[in-house]
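Every value quoted in this text rests on a predicted model; they were computed, and no experiment measured them.
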Amino acid sequence: MKISVQAGTRQAIPFKWAVVVLAPLFGNVAQAEPEHDHAQHLPEVEVTAHAHDSDSDLHKRMVNSADSTSLLQDYTGLYSYQAGGISALPNIRGMNDNRIRILVDGAELTAACANNMNAPLTYISPAAVANISVLAGITPVSMGGDSIAGTIAVDSAQPVYADNADAWLYQGSFSTVYRSNSNGLSTALSATAASDNLSLNFTSTMDRGQSYRDGNGDKVRATQFERHIQTLTIGAKGENEDFVLRLSHQEVPHQGFPNQYMDLVGNKADSINASYNRRFAWGDLDTRIYWQEVSHEMGFFSSEKTGSMPMKTHGKDMGYSVKATIPLSDAHTLRIGNDLHRNRLDDFWPAVPGDTMMMGPNTYVNINDGRRTRLGVFAEMESKWNSRWSSLFGARVDHVRTSTGEVQAYGGMMGMADIAAASAFNAGSRSASDNHLDLTATGKYEFSETTSVEFGYARKTRSPNLYERYSWGAGQMARMMIGWFGDLNGYVGNPDLKPEKANTISGTVDWHDVDKKSWQLRVTPYYTYVQDYIGVERIGTFSSGTRAYLRFDNQDAQFYGITADAAKQLWHDTAWGEGRVRASFAWTRGERTNGDSLYQIMPLNARISLEQKKGAWSNGMDVQFVDSKTRVDDARFERETGGYTLVDLRSSYQWQKARLDFTVTNLFDRYYALPTGGLNYANWRAEGSVGQMGQVAGMGRSVNVGLTLDF
């Protein structure tokens, strides 16, 4: 409900007071000339960009899961691999989350956990997501550095304002979702008060769920979770400028991880995110500054996994970005910018009281004052040469420096290997500097009103993260605690790692009707060669030879495949309203240059969706096909999985101030093993640690109901 209140003697708050806090940062701002259209016009096809299909799709995904990563599931070529209930990790064309630049409201966040239990997308609930963009492979240099797979940008809603200065706007919304499988519940409350130039919004979200059941009705243990997020957003705008300040607090009291030895027993994060945009006569200036501090702990909180081994992490992310968009002519637009991201990390494992032999008497210091700083500059030129040809050329230079202080083992008699490893690590080099050069070149040619082709090349570079470079433990337990892959192997870092350098070529052919409403077909083949890919080498085994000790190592690798998307309007303006069918297809290969398969590569998969809309009703059926997984990473003891087909149903009804969503996922309650889900340690441990660990199973049938009220 929007309420307009007569202002009476109340005056609209002048914008100059709202932005006075920016004066020390930006100095005096000259009066802007009348507004020009300087928006960024990146190419539209899969090579560079892929936007959300519709608001209905966003609602459908939000109802089905409390994990924001699930909102990405319909992006062709992008999938995720199982972690906790709100912590699945995205993968673009075979390359995992550490190789993707993930932005949450423009901030670049880092997982402060050796198991990536607090990955960037855990800091925003699906109910708070207003927009998502995915740029795969050939990413413009203005949208990403220090990444080789692409960019995922997730944004919450922008501030809203009253239409005039004489009335204040009051509005809000409340939504709730119930999911039968896992007995899950999500709620979101949003309230806004705004004048014509000042906006105040408070949003509170809660997500929780118990352990879900697979298609056989068996519990998939250690999949329960709970999360709370509160965000205060302050917006202010003038004739040619906008300022947005977001203050956020997140708490995750617990979250289970079936494919990890431990669980999350506490995660608290506070963040500040401020952006200022100004339109000048010469172009646009976009600036942002952000900061986040995280306190994180792993341990044991349920009967599904038991033990005593506290592991604590304290992390900080801070950074800024400045970008200027300058139209040089009607045909050419220049973008230049500078950005900085700094991550600090302390990872330590307190001694277990009374244990002086194994986990004591000292605190185990895994990473001590770890620092990773990236400073980058870029320039790119977008050109519209004529009615058929357009292009985008860009170059970017980044400098990345990493370092860490001296470390320490527990010091007990049963930890001699770690004591020796700590001594060797402290005596070695604990800092490194890398220089990156990124290049992007794309072109688009429109043959006719119904056919176009886009093609491009990109060179992208990524430096190792702090865990890849500086995890140093030599004992079995220490190595078992490192790794975000769900494979239950043990990992050790490598201070001599070189940056990954990826060279990608890709092209998209797009066929469609003249109005782009009746039908469309897009096909995108791609190939990426990664020099010094950060893979692993096996340096030993444990658990009777069923698990491996793995050391991060530079190798050469290649990724290639093809994606296709199609849509066709089936009927229009009939007694059945409107109907369409959509289909997608993705096939990816990832392998070392010696032919060995890489880990967690999704097998061939396809999706077909039949959709119907009539008046306030929207209905749909989704059918997903996934082939069997037979190409596996032998070094990691990756398991093969069988193929499967899943059917989902969905329906929604929209009133003026309310919306009802109803979905049924995995309609036929099929059992299936997740191809990229890793091993189910929680079930194996609870069942007496007998036999081989099975693959994590997907969720069985779930009936989900969501209600949204606007007021």
Side-chain angles (χ1 to χ4, degrees), residues 98 110-117 260-262 296 298 309-315 343-352 357-373 400-434 463-485 487-499 532 534-542 547-555 635-636:
N98 281 278
T110 308
C113 172
N115 298 156
N116 276 22
M117 291 182 177
Q260 297 287 356
Y261 291 107
M262 301 179 70
H296 173 76
M298 289 195 295
M309 184 183 176
M311 298 176 63
K312 298 186 178 183
T313 309
H314 181 234
N343 171 236
R344 297 188 63 176
L345 181 69
D346 286 292
D347 190 328
F348 56 98
W349 312 345
V352 175
M357 298 295 290
M358 180 179 291
M359 291 180 283
N362 302 321
T363 294
Y364 185 103
V365 180
N366 188 37
I367 293 181
N368 175 26
D369 192 25
R371 302 187 181 204
R372 191 180 190 278
T373 303
V400 179
R401 180 172 177 79
T402 63
S403 65
T404 186
E406 293 189 352
V407 299
Q408 174 180 274
Y410 280 119
M413 290 297 294
M414 297 180 66
M416 298 305 295
D418 284 334
I419 293 174
S423 178
F425 183 85
N426 291 336
S429 175
R430 301 189 307 277
S431 64
S433 295
D434 305 320
S463 285
N465 64 38
L466 292 174
Y467 288 107
E468 289 170 327
R469 229 171 209 163
Y470 298 128
S471 298
W472 55 270
Q476 176 176 321
M477 183 178 61
R479 292 178 175 180
M480 289 165 61
M481 298 300 105
I482 307 299
W484 44 94
F485 308 100
D487 57 7
L488 300 171
N489 294 308
Y491 287 81
V492 61
N494 184 350
D496 297 325
L497 286 176
K498 302 174 184 177
D532 294 321
I534 299 175
V536 295
E537 61 172 335
R538 187 187 292 181
I539 57 177
T541 62
F542 64 100
R547 308 266 43 89
Y549 293 131
L550 302 167
R551 185 173 187 259
F552 291 111
D553 183 49
N554 286 123
Q555 305 160 352
R636 285 183 163 100

Enquirer: Look up atom CE in M311 and atom CH2 in W349, then write down how far apart they are to the nearest 0.5 Å.
Expert: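 Here the interatomic distance stands at 4.0 Å.
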Enquirer: On a heavy-atom basis, which atom in I367 and which in L345 lie closest, and how many Å separate them?
Expert: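 In this case the closest contact between I367 and L345 is CG2-O, 3.7 Å.
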Enquirer: Taking atom CZ of R551 and atom CZ of R479, what is their separation to the nearest 0.5 Å?
Expert: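 Reported value, rounded in 0.5 Å steps: 9.5 Å.
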Enquirer: Is there a side-chain contact between M480 and F542, using heavy atoms and a 4.5 Å cut-off?
Expert: yes
Enquirer: Is P310 close to V352 at the side-chain level, that is, under 4.5 Å between some pair of heavy atoms?
Expert: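 In contact.
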Enquirer: Within a strict 4.5 Å, meaning less than it, do heavy atoms of the M481 and M309 side chains meet?
Expert: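 They are in side-chain contact.
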Enquirer: Restricting to non-hydrogen atoms, name the atom on N368 and the atom on T404 that form the minimum distance, rounded to 0.1 Å.
Expert: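 Minimum heavy-atom separation between N368 and T404: O-OG1, 3.0 Å.
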Enquirer: Within the structure provided, determine whether I482 and N366 are in side-chain contact (heavy-atom separation under 4.5 Å).
Expert: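 Side-chain contact under 4.5 Å: yes.
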Enquirer: Does the side chain of N494 come within less than 4.5 Å of N554's, by heavy atoms?
Expert: no
Enquirer: With a 4.5 Å limit on heavy-atom distance, are the side chains of D434 and P464 in contact?
Expert: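 They are in contact (side-chain heavy atoms under 4.5 Å apart), so the answer is yes.
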Enquirer: Is any side-chain heavy atom of T373 closer than 4.5 Å to a side-chain heavy atom of V400?
Expert: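 Answer no - side chains too far apart.
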Enquirer: Please determine, by modelled atom types, if T402 and R372 share a side-chain donor-acceptor pair under 3.5 angstrom.
Expert: no
Enquirer: If we ignore hydrogens and angles and just use 3.5 Å, is the side chain of Y467 paired with the main-chain N or O of G493 as donor and acceptor?
Expert: no
Enquirer: Say you draw a straight line from CG of L497 to OH of Y470; how long is it, rounded to the nearest 0.5 Å?
Expert: 9.5 Å
Enquirer: Side chain of R344, backbone of D369: donor and acceptor closer than 3.5 Å?
Expert: no
Enquirer: Checking L550 against I539 for the side-chain contact (heavy atoms from CB on, under 4.5 Å) test, could you report, in this order, the C-alpha distance in whole Å, the side-chain angles of both residues, the deciding distance, and whether it holds?
Expert: CA-CA 6 Å; L550 302 167; I539 57 177; over 6 Å; no
Enquirer: Identify, with sequence neighbours excluded, every residue that meets ring pair (Phe, Tyr, Trp, His ring centres under 6.0 Å) alongside F552.
Expert: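 Counting only residues at least two positions away or on another chain, F552 forms a ring pair (Phe, Tyr, Trp, His ring centres under 6.0 Å) with W484, Y491.
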Enquirer: Roughly how far, to the nearest 0.5 Å, is CE of M262 from CG of N115?
Expert: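 Separation between the atoms: 8.5 Å.
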Enquirer: For H296 and C113, work out which heavy atoms get closest and say how close.
Expert: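 The pair with the smallest heavy-atom distance is NE2-SG, 3.2 Å.
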Enquirer: List the atom of P499, the atom of D532, and the distance in Å for their closest heavy-atom pair.
Expert: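 Heavy-atom minimum between the residues: O-CB, 3.4 Å.
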Enquirer: Which pair of heavy atoms, one from G483 and one from Q260, lies closest together, and at what distance?
Expert: O-NE2, 3.3 Å
Enquirer: Using a cut-off of 6.0 Å, state whether more than 12 heavy atoms not belonging to M358 lie near its atom CE.
Expert: no
Enquirer: Please report, to 0.1 Å, the donor-acceptor pairs under 3.5 Å made by any side chain of residues 405-424, with sequence neighbours excluded.
Expert:
{"residue": "Q408", "atom": "NE2", "partner": "T363", "partner atom": "O", "Å": "2.7"}
{"residue": "D418", "atom": "OD1", "partner": "A474", "partner atom": "N", "Å": "2.9"}
{"residue": "D418", "atom": "OD1", "partner": "G475", "partner atom": "N", "Å": "2.7"}

Enquirer: Which atom pair, heavy atoms only, marks the closest approach of S431 to S429?
Expert: O-OG, 3.4 Å
Enquirer: Please tell me if the side chains of R430 and P495 come closer than 4.5 Å, counting only heavy atoms from C-beta onward.
Expert: no
Enquirer: So, the side chain of R547 versus the backbone of D487: is there a donor-acceptor pair under 3.5 Å, distance only?
Expert: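 Side chain of R547 to backbone of D487, a donor-acceptor pair under 3.5 Å: yes, one is there.
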Enquirer: How long is the gap from CZ on R636 to CZ on R538, to the nearest 0.5 Å?
Expert: 11.0 Å
Enquirer: Given the rule in the side-chain contact (heavy atoms from CB on, under 4.5 Å) test, do Y549 and Q476 qualify, once you have shown the distances and angles that lead to the verdict?
Expert: CA-CA 8 Å; Y549 293 131; Q476 176 176 321; 3.1 Å; yes
